[in-house]
Amino acid sequence: MSCAGDKPRRIVVIPPMPELPEIETVRRDLTDRILGRKIVRVEVLAPQIVEGDADAFASALAGRTIIRIDRLGKALIICLDGAVILVCHFRMTGQLYPVGEEPLPSHTRAAFTLDDGRTLVYRDARRLGRLEVVGDRAQSVILRNLGRDALEDSPSEDELAALLGKRRTAIKVFLLDQRHITGVGNIYASEILHRCGIHPEEPCLNLTRADVRCLIGTMQDVLSEAIGERGTTISDYVTGWGRVGDFQYRLRVYRRAGEACVREGCRGTVQRTVQAGRSTYYCPQCQERRRT
DNA sequence: GATAATGTTCGATC
DNA sequence: AGATCGAACATTAT
């Protein structure tokens with residue numbers, strides 16, 4: 001990190017921020033900045049990021065006023081007047097933020113001109129994200145597979161125990177499966193399991209009652225803490241639309257392969273493995289396998 | 001050039 | 001009905 005005042009700060013838009021705390025941060029920012037604004041014009045530059053017909057998408061939003069912004073897991077739900085709902089999922093590289101009267105940034109995939117002259121920009125380098133307009137949440141393709149929100153609708157101990165059930169699937173893979181609980185992604189899954197001392201490969205059915213209790217509490221703690229830090233930003237970018245997050249400084253295992261475990265009294269070394277095609281980070285010393 | 005990246009969906013194969 | 005795995009989507013950074 002550079003020291004304040006030394007080098008000129010680069011103004012670069014921050015990289016994508018896809019898990020629950022990052023989306024919640026965007027939700028709060030956008031609520032502050034665009035609530036009550038009317039969308040006067042919609043331009044779709046990359047039709048594949050829109051679910052359904054891009055022209056229908058654009059005309060459904062034109063003339064609508066933004067009245068509330070909600071979130072379910074990693075999905076942003078922008079409610080407009082006339083029962084119009086804009087559902088957004090950023091996947092890996094999506095971003096949504098207002099800009100002034102200036103040229104659109106690179107990788108702008110959709111642009112919503114607001115009634116105050118600003119433009120709400122959807123950027124997405126990889127074009128993996130999706131935008132969708134529906135009249136009712138139940139119609140949403142983006143929302144249809146999502147389970148309970150990890151923060152606002154967290155399961156009770158009994159409920160999580162029931163969800164884990166007799167599954168043989170690894171607990172880390174379960175946490176990434178958004179059909180059960182939605183909002184926890186690859187960073188926070190590793191962090192939660194490390195804090196609970198649970199091995200990421202542990203089959204769900206082996207978890208004890210104490211493990212279940214720890215998972216629920218730690219999930220709340222980690223997500224809340226991360227929201228308090230405005231999420232995790234990997235890279236030291238500065239942004240023109242909001243500050244970067246700071247939770248990266250609190251990460252204990254994510255991207256720390258080969259480093260000493262930070263748990264007090266633990267002499268282990270953080271390992272990286274791959275589960276379901278995604279990197280998992282854990283400490284073999286303090287995340288021991290349960291006896292079968 | 002190879003590899004990995006905070007995500008989801010779909011189809012094939014158990 | 002499940003689970004499970006790989007591929008696909010597509011670009012950037014290291």
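Sequence lines set the chain letters: A, B, ... in the order given, protein chains first and strands last, and positions in each chain run from 1.
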Salt bridge (Lys or Arg N to Asp or Glu O under 4.0 Å) between R64(A) and D81(A), worked out: CA-CA 6 Å; R64(A) 298 295 171 186; D81(A) 68 302; 3.6 Å; yes

Pair D29(A)-R27(A), salt bridge (Lys or Arg N to Asp or Glu O under 4.0 Å): steps then yes or no: CA-CA 6 Å; D29(A) 274 353; R27(A) 189 193 70 76; over 6 Å; no

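The nearest whole Å value for the distance from the CD atom in Q48(A) to the P atom in dA10(C) is 6 Å. The nearest whole Å value for the distance from the CD atom in Q95(A) to the P atom in dT12(C) is 13 Å. Rounding to whole angstrom units, CG of residue L163(A) and P of dG2(C) are separated by 13 Å. Taking atom CG of L164(A) as the reference point, atom P of dG2(C) lies 16 Å away to the nearest angstrom. Taking atom CD1 on I181(A) and atom P on dG7(B), their separation rounds to 15 Å, with Å as the unit. The CD1 atom of I49(A) sits 13 Å away from the P atom of dA10(C) (whole-angstrom rounding). In this structure, CG of L146(A) is placed 13 Å from P of dG7(B), rounded to the nearest angstrom. Remark: P of dT12(C) and CG of D124(A) are 11 Å apart, rounded to the nearest angstrom.
Side-chain polar atoms of E22(A) and Y188(A) form a donor-acceptor pair below 3.5 angstrom. Using a 3.5 Å distance cut-off with no hydrogens or angles, the side chains of T65(A) and K38(A) do not pair a donor with an acceptor. Under 3.5 Å, the side chains of T218(A) and R195(A) contain no donor-acceptor pair of N or O atoms. S154(A) and Q220(A) share a donor-acceptor pair across their side chains, judged by distance under 3.5 Å alone.
Ring centroid separation for the pair H199(A) and Y282(A) comes in under the 6.0 Å cut-off.
Comparing H180(A) and G277(A) along DNA chain C, the residue whose closest nucleotide (by nearest heavy atom) sits nearer the 5' end is H180(A).
Taking a cutoff of 4.0 Å between a charged side-chain nitrogen and a carboxylate oxygen, E132(A) and R130(A) do not qualify as a salt bridge. Ion pairing between E202(A) and R290(A) fails under the 4.0 Å rule for side-chain N and carboxylate O.
Under the 4.5 Å side-chain heavy-atom criterion for grouping Ile, Leu, Val, Met, Phe, Trp and Tyr, V84(A) is connected to L131(A) within one hydrophobic cluster.
At the heavy-atom level, R130(A) lies nowhere under 4.0 Å from the strands shown. Nucleic acid contact class of R179(A) (heavy atoms, under 4.0 Å, all strands): none.
Checking the phosphate oxygens (OP1, OP2) of dA3(C), no side-chain nitrogen or oxygen of R168(A) falls inside 4.0 Å. In terms of phosphate contacts, R167(A) brings no side-chain nitrogen or oxygen within less than 4.0 Å of OP1 or OP2 of dG2(C). Taking side-chain N and O atoms only, H89(A) has a distance below 4.0 Å to OP1 or OP2 of dT8(B). At dA5(B), one or more side-chain N or O atoms of Y281(A) fall inside 4.0 Å of OP1 or OP2 (strictly under the cut-off). One finds no side-chain N or O of S279(A) lying less than 4.0 angstrom from the OP1 or OP2 phosphate oxygen of dA4(B). For dT8(B), one of the phosphate oxygens OP1 or OP2 lies less than 4.0 angstrom from a side-chain nitrogen or oxygen of K74(A).
The side chain of R126(A) lies closest to dA10(C), out of dA10(C), dT8(B), dT4(C). Here the side chain of A125(A) is nearest to one of dT12(C), dA3(C), dA4(B), namely dT12(C). Among dT6(B), dG7(B), dT4(C), the nucleotide with an atom closest to any side-chain atom of Y254(A) is dT6(B). When the nucleotides dA10(C), dT6(B), dT8(B) are ranked by their closest atom to the side chain of Q178(A), dT8(B) comes out on top.
For DNA chain B, if you chain together Watson-Crick or G-U pairs that step i with j, i+1 with j-1 and so on, the runs of at least three with distances under 3.5 Å are B:2-5 with C:11-14, B:7-14 with C:2-9.
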Under 4.0 Å protein heavy-atom contact, by nucleotide of nucleotides 9-14 of chain B - B base, S sugar-phosphate only: SS----

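Across dA7(C) and dT3(B), the matching P atoms stand 14 Å from one another, rounded to whole Å. When the C1' atom is used for both dT6(B) and dT4(C), the distance is 23 Å, rounded to whole Å.
A distance of 7.5 Å separates CE of M219(A) from CG of L175(A), quoted to the nearest 0.5 Å.
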